Amino acid sequence: MRDDIGPHAGGTEPDYRFTLANERTFLAWLRTALGLFAGGVAVHQLVPSPAAASTVLAGLCVALSAVLAATAYPRWRRVQIAMRAGEPLPRSWMILVLPGGLLVLIAAAAVLLVVS
């Protein structure tokens, strides 16, 4: 990407529908992060025993939430700049990290169910 193009200036103004779709995707990543965070808080507060296992599960939810929240804006920015520059959209590792993280969470929850 060129240095003279930012998410709001330079290059060619993208079709507003693509800009709005990029914004909706950004907000979807944030909603997912918020849902994971709320799930982590709920697990920590509502799952009584074993306490260490529920704390680990809650911590995993919060950690994945933080990763999603931290990567949402940089992804939005890279996509917006690519659209302005007329370049291919950048790839994102988060497409693999989120399902992988959810798989780990589901496995941890299954272990918690078996143990309790």
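These figures come from a predicted structure and were not determined experimentally. All residue numbers refer to positions in the sequence shown, counting from 1.
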Original post:
Other hydrophobic cluster members with Leu20, side-chain heavy atoms of Ile/Leu/Val/Met/Phe/Trp/Tyr under 4.5 Å, chained?
Top reply: Tyr16
**OP:** Taking all heavy atoms of Leu102 and all of Leu64, pick out the closest pair and write down the distance.
**Re:** N-CD2, 3.9 Å
Subject >> Verify same cluster id: Leu27, Val79 (apolar side-chain graph, 4.5 Å) >> reply: no
**OP:** Check whether Leu98 and Leu30 end up in the same hydrophobic cluster, where Ile, Leu, Val, Met, Phe, Trp and Tyr are linked by side-chain heavy atoms less than 4.5 Å apart.
**Re:** no
Original post:
In Å, rounded to the nearest 0.5 Å, how long is the span from CZ of Arg78 to OG of Ser92?
Top reply: 6.0 Å
Report all side-chain donor-acceptor pairs from residues 67-76 shorter than 3.5 Å, counting only partners two or more places apart or in another chain.
from  : atom 1 : to    : atom 2 : distance (Å)
Thr71 : OG1    : Val67 : O      : 2.9
Thr71 : OG1    : Leu68 : O      : 3.3
Arg75 : NH1    : Pro90 : O      : 3.4

**OP:** If you link ILVMFWY side chains whenever their heavy atoms are less than 4.5 Å apart, which other residues fall into the same cluster as Val62? By chain and number, please.
**Re:** Phe37, Val41
Original post:
Do Ile106 and Val104 belong together in a cluster built from hydrophobic side chains that touch within less than 4.5 Å?
Top reply: no
**OP:** To the nearest 0.5 Å, tell me how far Leu60 CG sits from Thr55 OG1.
**Re:** 11.0 Å
**OP:** Compare all side-chain heavy atoms of Val56 with those of Leu112 and state whether any distance is below 4.5 angstrom.
**Re:** no
**OP:** Identify the two heavy atoms, one from Ala85 and one from Ile5, that lie closest to each other, and give their separation to 0.1 Å.
**Re:** CB-CD1, 3.6 Å
**OP:** State yes or no: do Leu103 and Val43 share one hydrophobic cluster built from I, L, V, M, F, W and Y residues joined by side-chain heavy-atom distances below 4.5 Å, directly or via other members?
**Re:** no
Original post:
Does Val111 reach the side chain of Leu57, with side-chain heavy atoms less than 4.5 Å apart?
Top reply: no
Original post:
Restricting to pairs with a member in residues 19-35, which pass side chain to side chain donor-acceptor pair (under 3.5 Å), not counting sequence neighbours?
Top reply: Thr19-Gln80, Asn22-Gln80
**OP:** Apply salt bridge (charged side-chain N to carboxylate O under 4.0 Å, His left out) to Glu13 and list each qualifying residue two or more places apart in sequence or on a separate chain.
**Re:** Arg84
**OP:** Assess whether side chain to side chain contact (heavy atoms under 4.5 Å, CB included) is satisfied between Ser65 and Leu34, documenting all intermediate values.
**Re:** CA-CA 7 Å; Ser65 170; Leu34 185 58; over 6 Å; no
**OP:** Tell me, please, which residues at least two apart from Arg17 pass salt bridge (charged side-chain N to carboxylate O under 4.0 Å, His left out).
**Re:** Asp15
**OP:** Over all heavy atoms of both residues, which pair between Gly40 and Ala58 is shortest? Give the atoms and the distance, please.
**Re:** O-CB, 3.2 Å
Subject >> Gap separating the CG atom of Leu89 from the CZ atom of Phe18, nearest 0.5 angstrom >> reply: 9.5 Å
